[in-house]
Amino acid sequence: MYLRMVAPCLLGLESLVADELKFMEAQNVSAQNGRVFFEGDENILCRANINSRYAERILIVLDTFNAVTFEELFQGVKSLPWSEFIGSADTFPVKGYSINSELHSVPDCQKIIKKAVVESLKADYNTSWFEETGPVHQIQFSIMKNQVTIMLDTSGRGLHKRGYRPESNDAPIRETLAAALCNLSRLRHYHTLYDPCCGSGTILIEGAMMANNIAPGINRNFECDRWGFIPESAWISERERCHDLIKTDTDFTAFGSDIDPHALELTMNNAKRIKVDRFIHLEQRDVRLFTPTTEKGTLITNPPYGERMLDIKKAEELYKSMGESFVSKYGWSYGIISPDEEFEKVFGRKADKRRKLYNGMIKCQYYMYFK
């Protein structure tokens, strides 16, 4: 089965998602704001779910059409081959959004789409009642400038939920964003990674997984596992492929520190769940006292900031001390993500490169120093 798919992502990560999908041999990859479209067979669907470090989920695109009335929406949805994907006992909730469109009421659109799917399935299964007790087929829709896109979510839990972080500290960075920071800092398998504000260890763990080519979804299941139309052989072959690609001879090492001993305990527990604990060394230390133990290093960190500390002045005092500790020297790079537009001024020097990213709904800049 040849499928058209889309990978939603955090704003600012579209090019990273597009590049990794191309590397996975997906076809017709096309990036838009907050999502990347691509095509491929069932193996590509499985591969994208298991391997994507930066996408939030993988959805099958069933159709795209224009609709300015509820009747057009109803007929467009009803005409789709729902019974090819949804069984007579399956569950099929509907959710989505509408932006700058005639059909602006999301609840009304949900009801119309649900009704259209029911009518289509009624005809195909010759029944008038659906118990919806089987596997979940989450229907998603987007309506942007009257263009409707109807999709099925294959991932279930978001792809950022790797399974290693059941508990975290306050305001943790999302796993997909942490992985993106490692990519943008050009982390390699022979590098030494530092995070002096490690929290629950997300940056350290994502860095270790990337450096050793451990697929982020290698230990989890996906909603479409239970659908039936994707051959079990596709999942088996893709998981075997992931295990074959893991690097077993890297020189990667990571050093993490935090002022909070509970954070260090969380970090090590999380690292053990994904089996990268042997790469990670931890100590309790204030970031103001940061002193590296190696000649070269790649530092990536998400320091506490105003919204998290509830004190902008303290955050800026921290940035100032970081600027004094993060010394510019050969073999070192520093990457700091912050929503503070005055960061460079307080830190004490202008970044060599910066990139606009979103940490959840918070607009940030990733400040990179490597010269």
Side-chain angles (χ1 to χ4, degrees), residues 1-9 11 14 17-18 21 26-42 44-45 48-49 52 55-88 90-128 130 132 135-156 158 223-224 227-230:
M1 183 183 291
Y2 197 74
L3 302 164
R4 185 171 183 238
M5 291 167 274
V6 63
C9 60
L11 290 171
E14 296 89 348
V17 174
L21 287 170
Q27 303 299 308
N28 299 322
V29 178
S30 173
Q32 297 183 5
N33 281 343
R35 55 187 185 175
V36 179
F37 288 92
F38 63 103
E39 296 175 2
D41 60 13
E42 296 98 326
I44 294 295
L45 184 151
N49 269 302
S52 180
E56 292 301 312
R57 54 186 66 246
I58 304 298
L59 302 99
I60 296 171
V61 179
L62 297 182
D63 199 10
T64 299
F65 57 90
N66 287 328
V68 296
T69 68
F70 285 128
E71 180 62 21
E72 288 176 337
L73 178 63
F74 178 86
Q75 294 299 337
V77 173
K78 184 172 180 284
S79 67
L80 298 177
W82 291 105
S83 60
E84 291 183 12
F85 299 94
I86 301 175
S88 60
D90 292 344
T91 307
F92 48 100
V94 178
K95 67 179 180 181
Y97 60 89
S98 178
I99 300 173
N100 298 329
S101 300
E102 293 293 322
L103 302 177
H104 53 80
S105 170
V106 171
D108 287 338
C109 290
Q110 285 177 290
K111 292 174 185 175
I112 293 294
I113 291 170
K114 180 76 173 187
K115 182 180 178 182
V117 177
V118 168
E119 291 302 316
S120 174
L121 293 176
K122 273 183 181 180
D124 286 355
Y125 290 120
N126 193 27
T127 184
S128 60
F130 295 95
E132 296 197 52
V136 175
H137 293 62
Q138 178 65 65
I139 299 169
Q140 290 205 24
F141 68 89
S142 71
I143 308 177
M144 301 177 69
K145 296 182 179 178
N146 300 321
Q147 186 178 68
V148 181
T149 302
I150 304 294
M151 300 159 285
L152 276 177
D153 180 6
T154 70
S155 302
E223 195 63 57
C224 61
W227 287 3
F229 80 88
I230 298 174

Q: Measure the spacing between CZ of F85 and CZ of F229 and express it to the nearest 0.5 Å.
A: 5.0 Å
**Q.** side chain to side chain contact (heavy atoms under 4.5 Å, CB included) partners of N28, counting only residues at least two apart
**A.** Y2, E39
Q: Would you please name every residue forming a side chain to side chain donor-acceptor pair (under 3.5 Å) with S105, sequence neighbours left out?
A: D108
Q) Which heavy atom of G34 sits nearest a heavy atom of L11, and at what distance? A) N-CD2, 3.7 Å
Q. Is there a donor-acceptor contact under 3.5 Å from the side chain of S120 to the main chain of V118?
A. no
Q. Among L152, T154, I58, whose side-chain contact (heavy atoms from CB on, under 4.5 Å) with C224 holds?
A. T154
Q: Work out which heavy atom in I150 is nearest to a heavy atom in F65; give both atom names and the distance.
A: CG1-CE2, 4.0 Å
Q | Residues in salt bridge (Lys or Arg N to Asp or Glu O under 4.0 Å) contact with E119, at least two apart in sequence or another chain | A | K122
Q. So which heavy atom on C9 is nearest to which on A55, and how close?
A. CB-CA, 4.3 Å
Q) E132 and F92: which non-hydrogen atoms are nearest, and at how many Å? A) OE1-N, 3.0 Å
(Q) Surrounding NZ of K114 (heavy atoms of other residues, nucleotides or ligands, distance under 6.0 Å), is the total greater than 12? (A) yes
(Q) Suppose we screen for salt bridge (Lys or Arg N to Asp or Glu O under 4.0 Å). Which residues come up paired with E14, at least two apart in sequence or across chains? (A) none
**Q.** Partners meeting side chain to side chain donor-acceptor pair (under 3.5 Å) with S142 (sequence neighbours left out)
**A.** R35
Q: Drop me the distance from T149's OG1 to L62's CG, to the nearest 0.5 angstrom.
A: 10.5 Å
Q | Distance, nearest 0.5 Å, that separates CD1 of I139 from CH2 of W82 | A | 4.0 Å
Q: First locate atom CE of M151, then atom CD of Q138, and finally report the distance between them rounded to the nearest 0.5 Å.
A: 10.5 Å
Q) Just wondering, do Y97 and M144 contact through their side chains at under 4.5 Å, heavy atoms? A) yes
Q | Sequence-distant partners of E102, salt bridge (Lys or Arg N to Asp or Glu O under 4.0 Å), two or more places apart | A | none
Q | Separation between CD1 of I86 and CH2 of W227, rounded to the nearest 0.5 Å | A | 8.0 Å
What pairs of donor and acceptor atoms, side-chain ones from residues 70-80 against any protein atom, are under 3.5 angstrom apart with sequence neighbours left out?
unit_1, atom_1, unit_2, atom_2, d
E71, OE2, Q75, NE2, 2.8
E72, OE1, V68, N, 2.7
E72, OE1, T69, N, 3.4
S79, OG, Q75, O, 3.4
S79, OG, G76, O, 2.9

**Q.** Contacts of Q147 that satisfy side chain to side chain contact (heavy atoms under 4.5 Å, CB included) - sequence neighbours left out
**A.** T64, N66
**Q.** Test side chain to side chain contact (heavy atoms under 4.5 Å, CB included) applied to S88 - qualifying residues, sequence neighbours left out
**A.** Y125
(Q) So, using side chain to side chain contact (heavy atoms under 4.5 Å, CB included) as the criterion, who are the partners of Q110 when residues are at least two apart? (A) V94, K95, V106, P107, F141
Q: Measure across D124 and S83 and return the closest heavy-atom pair with its distance rounded to 0.1 Å.
A: OD2-OG, 2.7 Å
Q. To the nearest 0.5 Å, how far apart are CG in N146 and OG in S98?
A. 8.0 Å
Q: Quick one: list whatever passes salt bridge (Lys or Arg N to Asp or Glu O under 4.0 Å) with D90, sequence neighbours left out.
A: none
Q: Sort and list the pairs that fulfil salt bridge (charged side-chain N to carboxylate O under 4.0 Å, His left out) and have at least one residue in residues 138-153, not counting sequence neighbours.
A: R57-D153
